[in-house]
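One structure below.
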Amino acid sequence: MATLDLFGGFDEEPAANIVKAREFIIVKDDSQINELIDSLKKCDIFSFHIETREMTFAVNPNDIYKIELPVDDEKCKDLLTKFSCIFNDNEKTIIGHNIKTDISILAKYGLEINNKLWDCMIAHYLIEPELNHSLDYLNDIYATDNTDIRWQLYDKFKALLSENDLENLFHNIEMPLVRVLAKMESNGVKIDINGLKQISEEQAKEIANIENSIYEIAGTTFNIGSPKQLGEILFDKLQIKAPAKKTKTGQYPTGEEVLQKIINENPIVQHILDYRSLTKLKSTYVDALPSLVSPYDGLIHTSFNQAVTATGRLSSNNPNLQNIPVRTDKGREIRKAFVPRDENHILLAADYSQIELRIIAHLSGDQAMQSAFREGLDIHADTAARVYGVDIKDVTSEMRRNAKAVNFGIIYGMSAFGLAERLKISRSEASEIIKNYFKEYVGIQEYIDKQVDFAKQYGYVETMLGRRRYLRDINSGNSVVRNFAERNAINAPIQGSSADMIKIAMINIHNEMKARDMKSKMILQVHDELVFDVHKEELDILSELVKDKMTNALPLNVPIEVNLNTGTNWLEAH
DNA sequence: ATAAGCACGC
DNA sequence: GACGTACGTGCTTATA
């Protein structure tokens, strides 16, 4: 099952102490550069990479050209511009590793890469989503000689993409997406630094007050941020009845869930919760975000990572702009600090409604859930009506809340115990709800069973576009790891198909915006949401475009709904 | 440096 | 008897 078998096992892997030394043709003077450009002009595929001080080209696996880059920006730009005829040629294929980085570096010098992209990192991500995709790692595992590593990986991964039916996903989705993400990153997001500074000062005062209250009740000062110290204060010193189990390191658990259970035991508990959420907001967002504003353009430039998650979602870091608070009032204040870049712009947020449930309705073919979506019903209310056996107009808010938890639980492969814990109901009540659920949604139950069976037979599951997730523990004798694999068998195709869908939408929107030479910018993706910094003149046309491309990216046999909102900050637009 | 525990998002 | 809802990033603390 291990991928390595596909490459003939470990036999070809060199001993770890042998250092592979590649030989380079050093390119220095103009005549050598012209010679290289000539050979690049003649080839239809070449490997490339660029870093701060050097770049390499290889027109075949053996001849690797290395060029040192001038420190002076203008000289560097002049040198790079000599290669623009190569990078502009959309008939040529460029082999790279994490090409988004190469695109971003060249963009700083005013160059575009218009070649067909062939990114080894992303190829490997599709072939083995959960492995390491770094060049160092791939070099250790796959490189068999001293020829160009990117060419070696290209040869191997090309065959594997074909064998695993991943070519469509690679060429038509992931490769076009590379450019989209590079553009989104360079577009950047404006934040209201002064607003955040003000919030920070208010939070500092409030935190100091809470600290004092906590120390007073505890009768001592201690580090509230230390779960270890906190646990000892709560459960030893203050003698609050301790949770049944300690953590694996022998500490008292003090997570939010634990504290909620003892919230009425002592007023210190609420203070702790307030302290935790406030210090979290302050350190992770309010104080951190301003420090990440670029000195060049005053904007925040996140990284969107295309080869991280096990399911096909993107991730975001430095900073993570996919987990900006929205749940609490204090959190929402932070979201308000995300603003349009100038007075000519306005934020537009477009999000898919209930996309994962629509996908499970589509994939399962369940008639009850499909008809709920086709009739445009409130899906959670409809589920409540079915599960509790009442008319939809008689559904109480508690019934709806419970049904919503079940719908979410279904996507995540939840158990009766888990539902009972979440809803604070008895396990037998939870079982009853789940039993009724699957009686009403027979197709969903069948789909879940089918996914698990498929995984047990083939060792993987796949999304609507054939993105795979391998589940090597699916037949494990250890029920804990097997159950985990079974939950992944249910969730991965749903979460992953949703990721497929929004990626298609992003590509189509990007291409259309580019074709129309629009001033507006796509700036964020948060799994089921896209955010745009819209030039006000373009608001109507872009809104229509976004709605159309998102709705029609990957049609389902149930309707797809997209909600659009505008605002002078992200909270307002959300 | 690295892991643990915790909290933020979807 | 244990386990118990998917996917991430990043902070502070504690330990090495």
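Quick note: numbers below take in every heavy atom, side chains included, and nothing from hydrogens, waters or symmetry partners. Every chain is numbered from 1 and lettered A, B, ... according to where its sequence line falls, protein lines coming before strand lines.
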For A:Lys404, look at atom NZ and say whether over 12 heavy atoms of other residues, nucleotides or ligands are found less than 6.0 Å away.
-> no
Using only heavy-atom distances, decide whether a donor-acceptor pair under 3.5 angstrom links the side-chain of A:Gln495 to the base of C:dA6.
-> yes
C:dC3 phosphate, OP1 or OP2: any side-chain N/O from A:Asn483 under 4.0 angstrom?
-> no
Round to a whole Å and report the spacing from CG of A:Asn488 to C1' of C:dC7.
-> 9 Å
Checking all strands, does A:Glu421 fall into the base, sugar-phosphate, or nothing category for heavy-atom contacts under 4.0 angstrom?
-> nothing
Return yes if the base of B:dC10 and the side-chain atoms of A:Arg313 contain a donor-acceptor N/O pair under 3.5 Å, otherwise no.
-> yes
Which whole number of Å gives the distance between the C1' atom of C:dA6 and that of B:dT2?
-> 26 Å
List in chain and number order the residues that pass ring pair (Phe, Tyr, Trp, His ring centres under 6.0 Å) with A:Phe338, two or more places apart in sequence or in another chain; answer none if no residue qualifies.
-> A:Trp570
Using atom CD1 of A:Ile334 as one end and atom C1' of B:dA7 as the other, report the distance to the nearest whole Å.
-> 12 Å
Whole-Å distance separating the CD1 atom of A:Ile359 from the P atom of B:dC10 | 17 Å
Taking the side chain of A:Tyr412 as heavy atoms from C-beta outward, which of B:dA7, C:dA6, C:dG8 is closest to it?
-> C:dA6
The side chain of A:Asp528 lies closest to which of these nucleotides: C:dG10, C:dT9, B:dC10?
-> B:dC10
If you check the A:Pro325 side chain, which of B:dG5, B:dC8, C:dT9 turns out closest?
-> B:dC8
A:Lys246 to A:Tyr252 six-membered ring, cation-pi geometry met (6.0 Å, 45°) = yes
Tell me what A:Asn491 touches on the nucleic acid: a base, only sugar-phosphate, or nothing, going by heavy atoms under 4.0 Å.
-> sugar-phosphate
To the nearest Å, how far apart are A:Asn323 CG and C:dA6 P?
-> 19 Å
Can you tell me the Watson-Crick or wobble partner of B:dA1, both distances under 3.5 angstrom?
-> C:dT15
Minimum-distance nucleotide (side-chain atoms of A:Ala288 versus C:dC11, C:dA14, C:dG4) | C:dC11
Verify the neighbour count for atom NZ of A:Lys237: are there more than 12 heavy atoms of other residues, nucleotides or ligands below 6.0 Å?
-> yes
Would you indicate what A:Glu356 reaches in the nucleic acid, counting non-hydrogen atoms under 4.0 angstrom: base, sugar-phosphate, or nothing?
-> nothing
Between residues 268-281 of chain A and DNA chain B, which residues have a heavy-atom gap below 4.0 Å?
-> A:Arg276, A:Ser277, A:Lys280
Under the ring pair (Phe, Tyr, Trp, His ring centres under 6.0 Å) test, which residues partner A:Phe170, sequence neighbours left out?
-> A:Trp118
Just how far, in rounded Å, is C1' of C:dT12 from NZ of A:Lys228?
-> 15 Å
Under 4.0 Å between a Lys/Arg side-chain N and an Asp/Glu carboxylate O for A:Arg467 and A:Glu174?
-> yes
In terms of the nearest nucleotide of DNA chain C, which residue is placed more toward the 5' end: A:Lys245 or A:Ala310?
-> A:Lys245
Would you indicate, yes or no, if C:dG8 has its OP1 or OP2 atom less than 4.0 angstrom from a side-chain nitrogen or oxygen of A:Thr309?
-> no
May I ask you to evaluate whether A:Thr249 reaches the phosphate of C:dA14, defined as a side-chain N or O under 4.0 Å from OP1 or OP2?
-> no
Whom does B:dA7 pair with, Watson-Crick or G-U wobble, provided both distances fall under 3.5 Å?
-> C:dT9
Using the C1' atom as the reference point in each nucleotide, state the distance between B:dA7 and C:dA2 in Å, no decimals.
-> 26 Å
Given atom NZ of A:Lys246 and atom C1' of B:dG5, what is their separation to the nearest angstrom?
-> 15 Å
Which nucleotide in the list C:dC11, B:dG9, B:dG5 gets nearest to the side chain of A:Thr284?
-> C:dC11
Does C:dT9 have OP1 or OP2 sitting under 4.0 Å from an N or O in the side chain of A:Ser316?
-> no
Taking atom P in both C:dG1 and B:dC6, what distance in whole Å separates the two?
-> 27 Å
Whole Å only: how far is the CZ atom of A:Phe222 from the C1' atom of C:dA14?
-> 16 Å
Looking across every strand, which nucleic acid part, if any, lies under 4.0 Å from A:Arg427 by heavy atom: base, sugar-phosphate, or nothing?
-> base
Roughly how far apart are A:Lys336 NZ and A:Leu196 CG, rounded to 0.5 Å?
-> 12.5 Å
Counting any heavy atom closer than 4.0 Å, what does A:Gly409 reach on the DNA or RNA strands: base, sugar-phosphate only, or nothing?
-> nothing
Touch class at under 4.0 angstrom, heavy-atom based, for A:Ile411 against every strand present = nothing
Using a cut-off of 6.0 Å, state whether more than 12 heavy atoms not belonging to A:Lys439 lie near its atom NZ.
-> no
Counting just side-chain N and O atoms, does A:Gln525 come under 4.0 Å of either OP1 or OP2 of B:dC10?
-> no
Indicate, with a heavy-atom threshold strictly under 4.0 Å, whether A:Asn318 touches base, sugar-phosphate, or nothing.
-> sugar-phosphate
Would you classify A:Phe484 as touching base, sugar-phosphate or nothing, given that sugar-phosphate means primed atoms plus P, OP1 and OP2, and contacts are heavy atoms under 4.0 Å?
-> sugar-phosphate
Using 4.0 Å as the upper bound for N to carboxylate O, is an ion pair formed by A:Lys330 and A:Glu333?
-> no
Return the orientation label for the A:Tyr215 and A:Phe222 ring planes: parallel under 30°, perpendicular over 60°, tilted otherwise.
-> perpendicular
For atom CD of A:Glu130 and atom P of C:dA6, their distance in whole Å | 13 Å
